[in-house]
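These notes are about the structure you will find just below.
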2 protein chains.
Amino acid sequence: MLVTIKDIAKAAGVSHTTVSRALRGHPAISTETTRHIQQLAEQMGYVPSAVAQSLNSRQTFTIGMVVTTIADPFVPLVAEGIEKVAQEAGYSVFLMTSYNDPEREMTVVETLQRRRVDAIIVTASRVGSLYGEQLERIQVPIVLINNQENGEFLHSIAVDDVQGAKLATEHLLALGHRRIGYVGLLTRPKSNAHRLLGYQAALQKADIPQDPNLIFLPPPDDDFRCGELALSLHLKHQATAILCYNDITAIGLLNTCQQNQIAVPQALSIIGFDDIEAAQYVSPPLTTFRQPRLQMGELAMQMILDLLNKKSVEDQLLPGELIIRGSTVQIYPEQ
Amino acid sequence: MLVTIKDIAKAAGVSHTTVSRALRGHPAISTETTRHIQQLAEQMGYVPSAVAQSLNSRQTFTIGMVVTTIADPFVPLVAEGIEKVAQEAGYSVFLMTSYNDPEREMTVVETLQRRRVDAIIVTASRVGSLYGEQLERIQVPIVLINNQENGEFLHSIAVDDVQGAKLATEHLLALGHRRIGYVGLLTRPKSNAHRLLGYQAALQKADIPQDPNLIFLPPPDDDFRCGELALSLHLKHQATAILCYNDITAIGLLNTCQQNQIAVPQALSIIGFDDIEAAQYVSPPLTTFRQPRLQMGELAMQMILDLLNKKSVEDQLLPGELIIRGSTVQIYPEQ
DNA sequence: TTGTACGCGTTATCAA
DNA sequence: TTGATAACGCGTACAA
């Protein structure tokens, strides 16, 4: 059996109360007995039970980190940021996977509540209205990453999608492109709308008339396939550059280009979004809008800590950074 | 305040014992009161406290998943497998990051113990002797992924490194290569030794004399840089094919080749290990030895469940699969 | 069929 | 300076 404070009390010939105090350096206990008891605890291999402490204090010092899947290339670095800050603050992180499956989502919410987590961070999920409501019912602070939503307990850390798409589009414009395509993703309606907005804003500012043919919203499929389908923007509608919803889509497009002997970036410039690891490894390396994923995780957890300490917090819209690599280039004059 | 069984008891005019029983469908409680109480619990939004249950039963239904960093491309899919099986079995997963830092490792072990996790899975860590000892002290089942080690509580799921390297080398031999290099990684002494063994076994079987110059163990650095350095095997020692410790190393080598105008695979065949996501996206796509990462996670968690149910388990050495893509090719006759 | 009493390991209150 | 007692929320032996 595991050693408890009672065991130590027996061994020391004092009450378990004294042990509890001594171990936490309570000033009322004499230096001598404190030292003695701490030494004894060490010897006996005592480790306090967080379970008992939690029951007593109604705080578990745990948080729930909900992701659609940890295998999504966007997620791991965010998770690392969360876990790091949590660990330093004495919190532990439950990893919960929802798979964007309503049934699983309900299970997750229920589990979070049973576990009595002190707070929740939701990453890269579409938080539907029902799901969000269920989450709020738990009555603990919730931070949404890249998913603004309103509610008493809901807060958010998000990257500025509009700015990102605008920056990317302006980069293409500066390179002389005029027929710029956009490939969206219907599975992410909110971010998609924002990025589309940024794209359109940049075009408008440059007085480029918008061509609906250059906006492509592939039927829901995996992100990579969506990129493959987007080639039609180039083949059928003469796009000389394409802004993709995310890097996976961009890489999907890139691969299709290679299979079809379309030179990137000479014949077609491609730009992604996110800056996942793979973006730097493909060839040509992908120009993309970087989301500060590690920082987003850190900030989210920091926000949780502030909320738990009753500090006031404000939703954050973070800037990202355009990373220019080899997949975009000055348009060729003859085109 | 949260609803407890006592609240329900008061509302129903029965004892909390009856409530406890009714909620779990205890046969001794009349169908009528059971129904009534369950309905009441539902209405009042009752969710049992896992904390209290854990204290009572000395089981938390949690496991600790220890990784060096979740951002390692090898880890996420393993984690997904673990979490999935855990979730289905009613277990929750603590994500704990050790960063291969001895100090953090101690913190992690201490936290695991305080949290009273029922079991532990350690992924992609070098489990040093001290660390392993500390882990065993917790006295709960431990499954090591890709890291065999001996001990009363230690079990393992691992991929057959020897077979993997052998398969990869044989593939190169079958393509006509005779000067085949190996790039190892000193930060992973055990796997490295095994893969080197497989490589050597294949050469020996083919009666190729071994050239120590073709075995390169770069000074500890990040995996990608190690790959960059490995180019010397080709430039200085005329390797026509190189087997890399892992995909990151292989991709590092691939990139350096591109920068140095060395055509892959025409001038140099490259083969990786792991089959991380990026492997399929680089160009040429990487030939590599696939580790069944999702399955490894699932099996690890399944093994934990078996151990917790006192079933006997056996360490598993899993086969992997050679994935032939574009980075390896028949050697050119003129070479 | 239901209720009483106790214990899980810890902390807090009050008294000595 | 220390100890007895209760409480956190739940499950279980035993009694009714």
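Naming convention: chains lettered A, B, ... in sequence-line order (proteins, then strands); numbering from 1 in each chain. All values below were derived from every heavy atom in this structure, side-chain atoms included, with hydrogens, water molecules and symmetry-related copies excluded.
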Looking across every strand, which nucleic acid part, if any, lies under 4.0 Å from A/Val51 by heavy atom: base, sugar-phosphate, or nothing?
nothing
Find the distance A/Arg115:CZ to D/dC10:C1' and express it as a whole number of Å.
15 Å
B/Val14 has its side chain closest, among C/dT1, C/dG3, D/dG3, to C/dG3
Here the distance between atom C1' of D/dA7 and atom CG of B/Asp7, to the nearest Å, is 15 Å
From CG of A/Leu55 across to C1' of D/dC10 the rounded distance in Å is 8 Å
For A/Ile8 and C/dT10, what is the distance between atoms CD1 and P respectively, to the nearest whole Å?
8 Å
Rounded to whole angstroms, how far apart are CG on A/Leu2 and C1' on C/dG7?
16 Å
Do the side chain of A/Asn56 and the base of C/dG9 come within less than 3.5 angstrom through a donor-acceptor pair of N or O atoms?
no
Could you check whether B/Arg115 and B/Thr111, counting side-chain N and O atoms only, form a donor-acceptor pair closer than 3.5 Å?
no
Step-by-step side chain to side chain donor-acceptor pair (under 3.5 Å) determination, B/Ser15 to B/Thr18:
CA-CA 5 Å; B/Ser15 78; B/Thr18 304; 3.2 Å; yes
From D/dG11, D/dG9, C/dT1, nucleotide with atom closest to B/Gln53 side chain
D/dG11
Kindly indicate whether the side chain of A/Arg21 and the base of D/dG3 share any N or O donor-acceptor pair separated by less than 3.5 Å?
yes
5'-most by nearest nucleotide on DNA chain C - B/Thr34 or A/Ile5
B/Thr34
Side-chain N or O of B/Ser15 less than 4.0 angstrom from OP1 or OP2 on C/dG3?
yes
From NZ of B/Lys6 over to C1' of D/dA6, roughly how many Å is that when rounded to an integer?
11 Å
Assign each of A/Ser20 and B/Ala52 to its nearest nucleotide of DNA chain C by heavy atoms, then name whichever residue's nucleotide is nearer the 5' end.
B/Ala52
In terms of the angle between their ring planes, are B/Phe94 and A/Phe94 parallel, tilted or perpendicular, with boundaries placed at 30° and 60°?
parallel
Answer with yes or no whether A/Arg116 presents, from its side chain, a donor or acceptor under 3.5 Å of a partner atom in the base of D/dG9.
no
Taking the basic N atoms (NZ, or NE/NH1/NH2) and the acidic carboxylate oxygens, is any pair closer than 4.0 Å for A/Arg293 and A/Glu298?
no
For B/Arg104 and A/Gln87, does a side-chain donor sit closer than 3.5 Å to a side-chain acceptor?
yes
With a cut-off of less than 4.0 Å, is there a side-chain N or O of A/Thr18 near OP1 or OP2 of D/dG3?
yes
Report the distance from atom CD of A/Glu32 to atom C1' of D/dT1, rounded to the nearest whole Å.
12 Å
Strictly below 4.0 Å, N to O, side chains only: are A/Arg137 and A/Glu110 in salt-bridge contact?
no
Check this one for me: any side-chain N or O of B/Thr33 less than 4.0 Å away from OP1 or OP2 of C/dT2?
yes
Taking OP1 and OP2 of D/dA4, is either one under 4.0 Å from a side-chain nitrogen or oxygen of A/Thr17?
no
Whether A/Arg24 contacts C/dT11 is assessed here as follows: a side-chain N or O lying under 4.0 Å from the phosphate OP1 or OP2. Is that the case?
yes
Is it the case that C/dT11 (base atoms only) and A/His16 (side chain only) share a donor and an acceptor within less than 3.5 Å, ignoring hydrogens and angles?
yes
Rounded to the nearest Å, what distance is computed from the CZ atom of residue A/Phe61 to the P atom of nucleotide C/dT11?
12 Å
